[in-house]
Amino acid sequence: MVEELDLLTAVKIPFEDSKTQYVDAEGSDGFPAIGFRTGSDVKMLWKAILPEKLFPEFSILIRAKPRSHNGGYIFAVVNSYENVVQLGVKLSRTSASSMTTISLIYTEPGELATNIIANFTVNSFVNDWTRIALKVNEENVTLFLNCQESATVEVRRQQVELEFEPASTLYIAKAGSKIQDYYEVSARMGRYLASLTLEI
């Protein structure tokens, strides 16, 4: 059994702030998309959409078009102090403008700093609609770009079922008020900016 959880549920329509959230008419496959600019503050208590624990194996599916090379968090579940990302995906600028690093953040309870368990450096896809999929198994993480397998890295997790802190918050296109790292992006409406596919 597979359950898909659409993280774009956190976006309220009509938009709470039309300056930082907007409809992009040039969406993927002719469909409109939701856009986010720096300063956007889309958030939701994680309990409203995510399970209490992540299963050992899950996938994160993303379909988005970055608007700049600056990168940032596509989504982040941040602890109550807003200083540690427990789960998230981040794009980072590299020294070569033609490349982008895709990072999977997975921080186990009790850790005092955000933990990146997998990094993938790929060709930049700024202003291009791109499908990103991260398949997480107990021993590795595999990246798929536009439905093509790109790379696999080995990972070590002490706790394979990630538990979120009770007061954590889910953010879209940033990582809370302290870390921030805003992400300017368009995301396909009716599809998934970021979803967790949980195998039950």
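Worth saying up front: this structure is predicted, and the values here are computed from it rather than measured.
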Nearest atoms (heavy-atom pairs only) where A10 meets M44: CA-CE, 3.4 Å
More than 12 heavy atoms of other groups within 6.0 Å of E52 CD: no
Check: E184/T38 side-chain N/O donor and acceptor closer than 3.5 Å: yes
Smallest separation among heavy atoms of W129 and R63, with atom names: CZ3-O, 3.8 Å
N115 side chain reached by I105 side chain, heavy atoms, under 4.5 Å: no
Note: K65-D128 ion pair, threshold 4.0 Å (strictly below): no
Any W46 side-chain heavy atom under 4.5 Å of T169 side chain: no
Check: L50 and S168 side chains under 4.5 Å, non-hydrogen atoms: no
Between CG on residue L104 and CG on residue L87, distance to nearest 0.5 Å: 6.5 Å
Atom pair CD1/CD1 of I74 and I172 - distance to nearest 0.5 Å: 10.0 Å
Minimum side-chain heavy-atom gap N79-F164 below 4.5 Å: no
From CA spacing to verdict: side-chain hydrogen bond (donor to acceptor under 3.5 Å, both in side chains), N119, S103: CA-CA 5 Å; N119 279 322; S103 301; 2.4 Å; yes
Residue pair T101 / T94, side-chain donor-acceptor N/O under 3.5 Å: no
Within-4.5 Å side-chain heavy-atom neighbours: I179 and Y73: yes
Cation-aromatic face contact R37/Y22, 6.0 Å, 45 degrees: yes
Any pair counted as salt bridge (Lys or Arg N to Asp or Glu O under 4.0 Å), so long as it reaches residues 81-98, sequence neighbours left out: K90-D181
Within-4.5 Å side-chain heavy-atom neighbours: T20 and D41: no
Heavy-atom side-chain contact between V78 and S177 under 4.5 Å: no
Euclidean distance, T114 OG1 relative to N83 CG, rounded to 0.5 Å: 7.5 Å
Heavy-atom check, side chain of L91 versus side chain of N70, under 4.5 Å: no
Side-chain (Q86) to main-chain (P109) donor-acceptor, under 3.5 angstrom: no
